[in-house]
Protein chains: 2
Amino acid sequence: MADNTLTPDDTGRKSQFAVPYYEISYDKFFQFGVSVDCVVFGYHDNRLKLLLIKRGAAPFKGMWALPGDLVYPNENIDVAAQRTLRDLTGIEDLYMEQTKVYGKVDRHPAGRVITTGYYSLIDIAKHDPHASAWADGVYWVDLEAVPELAFDHSEILKDALQLLQQRVRHQPVGFELLPEKFALADLQALYEALLNEKYDKANFRKRILSMNLLLSLKENQKDVPHRPARLYKFDTQRYDELIAKGFSFEL
Amino acid sequence: MADNTLTPDDTGRKSQFAVPYYEISYDKFFQFGVSVDCVVFGYHDNRLKLLLIKRGAAPFKGMWALPGDLVYPNENIDVAAQRTLRDLTGIEDLYMEQTKVYGKVDRHPAGRVITTGYYSLIDIAKHDPHASAWADGVYWVDLEAVPELAFDHSEILKDALQLLQQRVRHQPVGFELLPEKFALADLQALYEALLNEKYDKANFRKRILSMNLLLSLKENQKDVPHRPARLYKFDTQRYDELIAKGFSFEL
DNA sequence: ATAACTTTTGGTAAAAATGACATTAAGTAA
DNA sequence: TTACTTAATGTCATTTTTACCAAAAGTTAT
């Protein structure tokens, strides 16, 4: 727990390692809990969704929260983020990226806990999350309908959303949210949903195709009540080549 | 210190708060040290510089390192970053922004310490750093000449540099590095140094001025052996207005 | 089979942004 | 006054972006 009576001078500490560090007790400084919180975005039915849990225990029992957990003292934090999501939802090997650190003194009622936000994108169809022991359940919630969250999770979400929009514009991350095979109109609808903008269909097509990042498949849409569109898939290999040459994706 | 014999199962812990959190001892989880490390960029003589300290004590005694320190248990981490820089260099109220968290288990020889990187930009002429108690000294080092750093600070620097270039392109942060009043050629030289590119002088001028973010002063350069250029200053108010209208800076 | 309909797909022309370069202006130094 | 240096402005060709049109290709209803 955080010692709220400690002030910087109470330690009598003048400098970090003025004498060999192993001769000094820095116990006062080694009292932090560290956690990770995952902001997982999904996409379905033309809408952006967020993976949330309903807290089954105090504090904030009954409130919605981001999936997160404390980090073990012998665990890398990036690994902890992966583990948290796996334990909670069964989802493995997800691309995750740090957003920010949240380190206010009283952000957690159980003591001094600093947390790192991670954001991730997945194709909902591929992953059916299941509830874990300590959450009543895990749900995909429409982003528009997300209520106030536990802890400072609303702030974490806000920052992650901002990063997402950044990334979507400058890296081809949008493809993470789509099935392997997709039509250009699907991709356009996704970008329009993510960025709250409208694009001309013909021009969007030209822009995307001119990047040479999509492989045209010999396959069309099925079960659509009109002319089916050609399906494409993202060309990872080509993307890596282009990046190596200094290409930078811009929408 | 980190307990390296602890494994996730040793705690017998199944869920974060399955019973009220205050009835459980989570001591095992509250053993982290937390630190901040500052990547401070400065600009002088057309060259980008980095603020470094020479470590006066173990570990990594004698090596170059980023200015950084442990966070107090009752101190917000953003505040800790400001304090560290103030104690070390006398520089106050600096604009600082988080870069990333570094949370590998064995990144610090004194125990389990996770650190947050902060980057900042300053006009060197305005700030003369002075040595503190626990560092031999604080120096501006030419970025090209930065050697291998202590801890994982080289990695922190690499990430901060990447973020800097990002920011420079998409936000008008470059102005932080220049004096209040500057000529367009100064600004151009700065951007060329930051981004390793060359611009056409006339076109750079048009591009920048068309953004309407600079106030033309009724004042010229002094002591130059040729026609002195008009001085400008950054129009913060106008920038805020534009941002409010959804304008986004792009170089 | 054909017509009506819907969406894909390929194209074109105007407008806008970019980039290369030339010219003029305004100061300093001899 | 002249030479010199850099600032500042202007022009123009090229490329990129945008708006919009029309043909093509499938589906559904008749």
Side-chain angles (χ1 to χ4, degrees), chain A residues 45-46 168-170 172 174 178-179 181-193 195-235 242 246-251, chain B residues 45-46 168-170 172 178-179 181-193 195-235 242 245-251:
Chain A
D45 275 350
N46 259 17
V168 164
R169 255 178 228 283
H170 301 290
L178 290 177
K181 303 168 182 180
F182 53 86
L184 285 177
D186 298 333
L187 186 64
Q188 181 175 346
L190 169 62
Y191 273 94
E192 290 180 343
L195 298 174
N196 280 316
E197 290 184 38
K198 276 288 181 189
Y199 303 104
D200 176 273
K201 192 188 294 201
N203 294 334
F204 181 85
R205 156 186 301 272
K206 272 182 287 183
R207 184 125 110 263
I208 295 290
L209 288 182
S210 71
M211 296 178 192
N212 277 104
L213 287 172
L214 296 189
L215 280 177
S216 172
L217 303 174
K218 307 223 167 343
E219 195 181 342
N220 290 347
Q221 283 178 315
K222 300 278 186 211
D223 303 319
V224 285
H226 55 264
R227 174 179 175 183
R230 173 53 49 97
L231 295 180
Y232 292 84
K233 70 173 193 177
F234 183 65
D235 188 343
L242 288 175
F247 163 88
S248 117
F249 180 96
E250 289 274 328
L251 190 75
Chain B
D45 273 351
N46 258 19
V168 164
R169 257 177 227 283
H170 301 290
L178 290 177
K181 304 169 181 177
F182 53 86
L184 285 177
D186 298 333
L187 186 64
Q188 181 176 348
L190 169 62
Y191 273 94
E192 290 180 342
L195 299 173
N196 279 316
E197 290 184 39
K198 277 287 180 187
Y199 303 104
D200 176 275
K201 193 191 292 202
N203 295 333
F204 182 85
R205 156 184 300 272
K206 273 183 284 184
R207 184 126 108 260
I208 295 290
L209 289 181
S210 71
M211 295 179 192
N212 278 105
L213 286 172
L214 296 189
L215 280 176
S216 173
L217 302 174
K218 306 222 167 343
E219 195 180 343
N220 291 347
Q221 283 178 316
K222 300 276 186 214
D223 302 320
V224 285
H226 55 263
R227 173 181 176 182
R230 172 55 49 95
L231 296 180
Y232 291 83
K233 70 173 193 178
F234 183 66
D235 188 344
L242 287 176
K245 284 185 194 155
F247 163 87
S248 117
F249 180 96
E250 290 273 330
L251 189 74

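All figures in this text were calculated on a predicted structure; none of them were measured in a lab. In the text below, chain A, chain B and the rest are named by the order of the sequence lines, each starting its count at 1.
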Side-chain heavy atoms of L242(A) within contact of M211(A), under 4.5 Å: no

Atom-to-atom span, CG of D200(A) to P of dA14(C) - whole angstrom: 18 Å

Sugar-phosphate only, base, or nothing, as touched by A185(A) at under 4.0 Å among non-hydrogen atoms: sugar-phosphate

Nearest-angstrom distance from the residue atom CG of N203(B) to P of dA20(C): 8 Å

Nearest-Å distance for atom pair CZ/P, residues R207(A) and dT18(D): 6 Å

Heavy-atom side-chain proximity of L214(A) to R230(A) below 4.5 angstrom: no

5′-ward residue of the pair R205(A)/P228(B) relative to DNA chain C: R205(A)

Nearest-nucleotide 5' precedence on DNA chain D, P225(A) against K206(B): K206(B)

Sugar-phosphate, base or nothing in reach of R230(A), heavy atoms under 4.0 Å: sugar-phosphate

Rounded distance in Å - CG (L251(B)) to P (dT18(C)): 11 Å

Protein-nucleotide distance (L184(A), atom CG; dT8(C), atom C1'), rounded to Å: 10 Å

Length of the line joining Y199(A):OH and dC20(D):P, which is rounded to integer Å: 18 Å

Any Y232(B) side-chain heavy atom under 4.5 Å of L187(B) side chain: no

Nearest-Å distance for atom pair NE2/C1', residues H226(A) and dA25(D): 11 Å

Sub-4.5 Å side-chain heavy-atom contact between L190(A) and V168(A): no

For atom CD1 of I208(A) and atom P of dT18(D), their distance in whole Å: 13 Å

Base dA25(C) to side chain R227(B), donor-acceptor N/O within 3.5 Å cut-off: yes

